[in-house]
Chemist: 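Got a structure for you, written out below as structure tokens; questions coming shortly.
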Amino acid sequence: MKNSKPKTREMEEKWTKVWEEKKIYQPDLKNAKNPFFNLMMFPYPSAEGLHVGNVYAFTGADVYGRFMRMNGNDVFEPIGLDGFGIHSENYALKIGKNPADQAKISEKNFYRQLKMIGNSFDWAHTVETYDPEYYKWTQWIFLKLFKAGLAEKRKAPVNWCPSCKTVLADEQVIQKSKIKNKIPASPAGRSNLGDEENEERMGVCERCETPVEIKDLEQWFFKITAFADRLLEDLKKIDWSEKVITAQRNWIGRKTGTMLSFESELGSPIEVFTTRPDTFHGVTFIVISPYHPVLSSVKNLENDVLEYIEKAKSSAEKAKDKTLKDEKTGVFSGYFATHPLSGNKIPVWIADYVLMDYGTGAVMGVPAHDSRDFDFAKKYDLPIVSVIGGGKEGEAYEGSGEIINSSEWNGWESPQDIPKIIDWLEKKGIGSKKVSYHLRDWLISRQRYWGAPIPMIFCDKCARLPSSRGEASGGQGWQAVPEEDLPVILPYIKNFKPLGIHSRHSAELSRSPSSGQAGEAPLSQDKQFIEAKCPNCGGVGRRETDVCDTFLDSSWYFLRYPVSDFKYIPFPSKNWENPKSQIPKPKTDREIGNWKLEIGNSAQRAAWLPVHMYIGGAEHSVLHLLYSRFIAKALFDLGFLAFDEPFSKFRAHGLLIKDGGKMSKSRGNVVNPDQYIERFGTDALRTYLMFLGPFDQGGDFRDAGIEGMERFLRRVDRLINYQTGLGSDKKKQIPSLDQAMNKTIREVTDDLQGLRYNTAIAHIMEYVNELIREKSALDEEYLKNLIFLLAPFAPFYSEEWFQSLSEDKSTFNSVHLHKWPEYDPENIIEDIVIMAIQVNGKTRDILEFTTAESKSEALVKERALASEKVKRHMGSEPKKVIYVEGKIINFVV
RNA sequence: GGGCAAGUGGCGGAAUGGUAUACGCGGUAGUCUCAAAAACUACUGCUCGCUUGAGCGUGUGGGUUCGACUCCCUCCUUGCCCACCA
């Protein structure tokens, strides 16, 4: 047999070219009748090229898109690159190239690979987040949010990565377990106690795994918390994978609790938030965070207290200090608070297990009913008062029970009576109901180079003007760049390395609204960039040098796809070294307004949004998907979008692993799709990826498996070639194949709707086996429908086969624009029914009946009881007979 | 510690109250061939048995049911996400 591999690639290239010429994957965005926006998460272009995990995700999304297209939809399936951001920048740093130069190389390589994977991408509508024509709108969104009061710069304790030299959003800090002195687990697994004791957790940077530090820095925030309730509530109106909905709900973390106030010697009352007001009488101490604001106003703290606060504020130090581990540490402040109910003096402690950015930064210590407070009380010998009955000695009891030791509340039940207790507290004016969230504001500024510059100008003169919004500092110092000046071009600079933290006092460029520490972005070295006229007073201003978080880039890219043909700088002519000379400024406000007009108000364009189907990884459950929802809601409120949920339907795919383990560079088991495409062909790779497991659960990539798939496609190829060689006069219909065909169409159609690709392929294989079993010439319909069912998975082969069966070779009609096959329900009904004969629920025989026979219980019973195999197990007459038509008959003896 | 998945042959996995192991991989034997590859055919959960056949079998232990991989409860294990969230 001839070597068919190069031929496969040849065929793939041939059809790629034809499809491109005939524009079969380019819907008419203005006049489409049934718009269907089939979106997949665009990749960040890493230098290594496309990962087979990307191919897995994209193929799964494309199969759905192709299925929808064949079902009469005008499917729009765009792709682009999420090229801005730390990931690309770090790689550029590593190899000593400017990220802008590297971006051009990666872009070329990625688009080359993305063109090979057989997806029905519309190549006329790509976006790249680092394209000035793209980030112009990223900046525009920033401005719109700023003007709406949804963006502000403020000082806050933030996560600082000393290696990447930038701040990180909370979501970008991952908790890493570090096992030290690891004791190998015994086969029985009894030594897990030992492992736990040696475990240490710390927050590390998601990119470089360096332990993060907490710093007080000036940063830009988006007020996503203002949308917390809507982000939670609107989860009800979208059709998303349940686990992603759950993840978002947990991340928003809405909790109803009680706010309680304790008078204290520290100068001001201490407010605490609790979900357990029923344990109020059990409070024996108060703990506040080292960051608690009350501490800055207290003058005479002892030295050891000040020392503790200092130490606790450096979490990097904690990570280094092995003795600290998970054990709670704290220090007595030297001051007391008063319990509002008993009037008792209770000590105020300072401890780093209390988080400043959740609740109020202070908690009431109830050691009897909270394990953390219990640990703390044990260590520092604080009193423990039990107020809920039912607990055990020696541990905190967090369960339900009768309330005790609580004067008027004695005899009430926890947790049922908590609402009653809240009422009681509210009436007495001691506490109030309060909703608290886990979600925090989105930190969007980064002290890095490779991102969209934040389009703001600081003006010293205007800073002295009173602010209408009443900000604490800065007055009207921050002025928005006028929209007609967008984009604020990211200049090409030689030294783009992160600079880290500097002290404003020593820097010559010091014009910051406040003194003290600040992260310094690489752009601060470019004096030309910084110089700017104040948009408000026309005086000397200074540009913001921080850039946007890359999650802002990706929070709106799907809005850009349908209008990316509005670019006025064609992609190949991009000139990074001197971009300003290439980009004409928009002439009027109307030109900028186009975007708004086209996305928000044009009926034609609006039809493409919100996105009909979005497929991507579950790892973006909280980051990207939550931010995108927030941006959509903000733009909706501002009147720019006609919808406030960006993705009507979202499905998460599973994780692709290799030989039982996660693919990673360190394991050296990352699969490069290029080699597999070269060796087996795109169709074999695609079909295998879709076959190796349930798409929503992922699966295990094995080389042996893809060989089997290549074999399958060759079997089909031989079948079709053999049949076309037979001539048309001998073709015939076979009743059993009619049935198989109709049944297969039904099963595959159902499976594709539910993204059950692995079983869809299994059904196609069964059908193929039946066709091959039949040696005679087959009716063309059997083959054509087989090709249609395979088309979403194996687009190249399918086109080849379909064209070879086509009578009219003069005009090209792509199989991918052909109507999806329909099945005849009448032709699915089997004329032979196989029934299991059971005795006491155990199958003892299997009998065949005609469909008519199987409907008669008496007849089935008679034949079943006549069976020798059944008789052997039936001591006596059956006490009971269960008959399920067409399935089983069960005799109970 | 919390949340969410999941645990089925030698392997990837089917089956969501009614024939457990579809489909594929791997394996064994055979056909073809000088030979190999490819292709094709048959067999392939375990144990006992010459066979007819019998028993066992979906992580563990219980429950519901005529009947449970499937539903309920207990425990164990693995993966993913989150985590000193008061």
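Basis for what follows: all heavy atoms, side chains included, without hydrogens, waters or symmetry-related copies.
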Chemist: Report the nucleotide, chosen from B:C66, B:C40, B:C25, that has the shortest atom-to-atom distance to any side-chain atom of A:R711.
Modeler: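 Given the options B:C66, B:C40, B:C25, the side chain of A:R711 is closest to B:C25.
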Chemist: For the rings on A:Y56 and A:Y688, is their centre-to-centre separation under 6.0 Å?
Modeler: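 No, they do not, as the ring centres are separated by 6.0 Å or more.
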Chemist: How far does the P atom of B:U44 sit from the matching atom of B:U52, given to the nearest Å?
Modeler: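 B:U44 and B:U52 have their P atoms separated by 12 Å.
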Chemist: Are A:K328 and A:Y353 in a cation-pi contact, defined as NZ or CZ under 6.0 Å from the six-membered ring centre and within 45° of the axis?
Modeler: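 Judged by the rule, A:K328 and A:Y353 form a cation-pi pair.
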Chemist: Could you check whether A:A704 gets within reach of a base, just the sugar-phosphate, or nothing at all, counting any heavy atom under 4.0 Å?
Modeler: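 Here A:A704 touches the backbone only, sparing every base.
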Chemist: Rounded to the Å, how far apart are A:I706 CD1 and B:G26 P?
Modeler: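 Result: 13 Å.
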Chemist: Looking only at side-chain atoms of A:N890, point me to the closest of B:C4, B:G67, B:G24.
Modeler: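 For the A:N890 side chain, the nearest candidate turns out to be B:G67.
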Chemist: If you measure from the C1' atom in B:G63 to the same atom in B:G79, how many Å do you get, rounded?
Modeler: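 These two C1' atoms come out 29 Å apart once rounded.
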Chemist: Of the candidate nucleotides B:G12, B:A22, B:A39, which contains the atom at the shortest distance from the side chain of A:A762?
Modeler: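 My answer, after comparing the listed nucleotides, is B:A22.
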Chemist: Distance check, P atoms only: B:G12 and B:G7, in whole angstrom units.
Modeler: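 Pairwise P distance, B:G12 against B:G7, rounds to 12 Å.
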Chemist: Look at the side chain of A:D352 and decide which nucleotide, out of B:C40, B:C4, B:C84, has an atom nearest to it.
Modeler: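 So the side chain of A:D352 is nearest to B:C84.
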Chemist: What is the pairing partner of B:A68, taking Watson-Crick or G-U wobble pairs with both distances under 3.5 Å in any strand?
Modeler: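 Base-paired to nothing in any strand shown.
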Chemist: For the pair A:F650 and A:H620, evaluate side chain to side chain contact (heavy atoms under 4.5 Å, CB included) and give the outcome as yes or no after the intermediate values.
Modeler: CA-CA 12 Å; A:F650 173 79; A:H620 292 110; over 6 Å; no
Chemist: Side chain of A:W251: nearest nucleotide among B:C82, B:A22, B:C66?
Modeler: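 Of the candidates, B:C82 comes closest.
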Chemist: Return the value, rounded to whole Å, for the distance between atom CE of A:M709 and atom C1' of B:G26.
Modeler: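 About 16 Å, once rounded to whole Å.
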Chemist: Rounded to whole angstrom units, what separation is found between the CG atom of A:N758 and the P atom of B:A22?
Modeler: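 Rounded to the whole Å, the gap is 15 Å.
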Chemist: Taking only the P atom of each, what is the distance from B:C73 to B:U78 in whole angstrom?
Modeler: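 Looking at atom P only, B:C73 and B:U78 are 23 Å apart.
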Chemist: Please determine if a side-chain N or O atom of A:R702 lies less than 4.0 Å away from the OP1 or OP2 oxygen of B:G24.
Modeler: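 No.
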Chemist: So what does A:V363 hit on the nucleic acid, given a heavy-atom distance under 4.0 Å: a base, only sugar-phosphate, or nothing?
Modeler: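 Result for A:V363 = base.
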Chemist: Taking atom P in both B:A20 and B:U74, compute the distance separating them and give it to the nearest angstrom.
Modeler: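 One P to the other, the span is 29 Å.
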Chemist: Measure from the side chain of A:K887, starting at C-beta and using heavy atoms only, and say which of B:G18, B:C23, B:A86 lies closest.
Modeler: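 Per side-chain heavy atoms of A:K887, the pick is B:G18.
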Chemist: Does a donor on one side chain sit under 3.5 Å from an acceptor on the other, for A:H653 and A:D696?
Modeler: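 No, no side-chain donor-acceptor contact under 3.5 Å.
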Chemist: May I ask you to verify if any side-chain N or O of A:Y353 is less than 4.0 angstrom from the OP1 or OP2 atom of B:A86?
Modeler: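 No, because none of the side-chain N or O atoms of A:Y353 sits under 4.0 Å from OP1 or OP2 of B:A86.
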Chemist: Indicate whether OP1 or OP2 belonging to B:A20 is found under 4.0 Å from a side-chain N or O atom of A:T843.
Modeler: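 For B:A20, OP1 or OP2 has a side-chain N or O of A:T843 closer than 4.0 Å.
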Chemist: Tell me whether the OP1 or OP2 atom of B:A14 has a side-chain N or O from A:H763 closer than 4.0 Å.
Modeler: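 Looking at the OP1 and OP2 atoms of B:A14, neither is under 4.0 Å from any side-chain N or O of A:H763.
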Chemist: Could you tell me whether the phosphate oxygens of B:A38, OP1 or OP2, come under 4.0 Å of any side-chain nitrogen or oxygen in A:R715?
Modeler: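 Result: no.
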Chemist: With respect to the phosphate group of B:G2, does any side-chain polar atom (N or O) of A:N250 fall under 4.0 Å of OP1 or OP2?
Modeler: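 Answer no for this pair, as no side-chain N or O of A:N250 is under 4.0 Å from OP1 or OP2.
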Chemist: Report the base-pairing partner of B:C40 (Watson-Crick or G-U wobble, both distances below 3.5 angstrom), or none.
Modeler: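 Pairing partner, where one exists within any strand: B:G30.
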Chemist: Whole angstroms only, please: what is the CD1-C1' distance between A:I837 and B:U19?
Modeler: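 Result: 10 Å.
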Chemist: For the side chain of A:H763 and the backbone of A:V748, is there at least one donor-acceptor N/O pair under 3.5 Å apart?
Modeler: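 Checking the backbone N and O of A:V748 against the side chain of A:H763, no donor-acceptor pair under 3.5 Å is found.
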Chemist: Send over the distance from A:K255 NZ to B:G3 P, rounded to a whole Å.
Modeler: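 Rounding to the nearest Å, NZ of A:K255 and P of B:G3 are 11 Å apart.
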Chemist: Could you check which of B:G18, B:A20, B:A22 has an atom nearest any side-chain atom of A:I882?
Modeler: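 Per side-chain heavy atoms of A:I882, the pick is B:G18.
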Chemist: Does A:H620 reach a base, just sugar-phosphate, or nothing at all? Heavy atoms under 4.0 Å.
Modeler: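 No contact at all - A:H620 keeps every heavy atom at 4.0 Å or more from the nucleic acid.
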Chemist: Where the side chain of A:F691 is concerned, which of B:C23, B:G18, B:G13 is the nearest nucleotide?
Modeler: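 Taking heavy atoms from C-beta onward, the closest nucleotide is B:C23.
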Chemist: Taking for each residue the nucleotide of RNA chain B bearing the nearest heavy atom, is the 5' side occupied by A:M364 or by A:Q838?
Modeler: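 Looking at RNA chain B, the more 5' nearest nucleotide goes with A:Q838.
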Chemist: So which nucleotide does B:U58 pair with, by the Watson-Crick or G-U wobble rule with both distances under 3.5 Å?
Modeler: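 Across any shown strand, B:U58 pairs with none.
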Chemist: Answer yes or no: does a side-chain N or O of A:K869 lie under 4.0 Å from OP1 or OP2 of B:G53?
Modeler: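 For B:G53, OP1 or OP2 has a side-chain N or O of A:K869 closer than 4.0 Å.
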Chemist: Measure from the side-chain heavy atoms of A:R714 and tell me the nearest of B:C25, B:A86, B:A39.
Modeler: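 For A:R714, the side-chain atoms sit closest to B:A39.
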Chemist: Roughly, in whole Å, what's the span from OH in A:Y380 to P in B:C84?
Modeler: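 Spelled out: OH on A:Y380 to P on B:C84 is 18 Å.
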Chemist: On RNA chain B, check which nucleotide each of A:G708 and A:L655 is closest to and give me the residue with the more 5' one.
Modeler: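 Its nucleotide being nearer the 5' end, the pick is A:G708.
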Chemist: With respect to the phosphate group of B:A22, does any side-chain polar atom (N or O) of A:N769 fall under 4.0 Å of OP1 or OP2?
Modeler: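 No, outside the criterion.
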Chemist: Roughly, in whole Å, what's the span from CD in A:E707 to C1' in B:G26?
Modeler: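 A:E707 atom CD is separated from B:G26 atom C1' by 11 Å.
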Chemist: What's the closest nucleotide to the A:K328 side chain, out of B:A39, B:U19, B:C84?
Modeler: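 Ranking B:A39, B:U19, B:C84 by closest atom to the A:K328 side chain puts B:C84 first.
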Chemist: For B:A5 and A:K243 - does any side-chain N or O of the residue sit under 4.0 Å from the phosphate oxygens OP1/OP2?
Modeler: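 Negative; the distance criterion is not met.
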Chemist: Scan side-chain atoms only and decide if A:N890 and A:Y883 contain a donor-acceptor pair under the 3.5 Å cut-off.
Modeler: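 Looking only at side-chain atoms, A:Y883 and A:N890 do not form any donor-acceptor pair under 3.5 Å.
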Chemist: Both distances below 3.5 Å, Watson-Crick or wobble geometry, any strand: find the nucleotide opposite B:U21.
Modeler: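 By the stated definition (distances under 3.5 Å), nothing pairs with B:U21.
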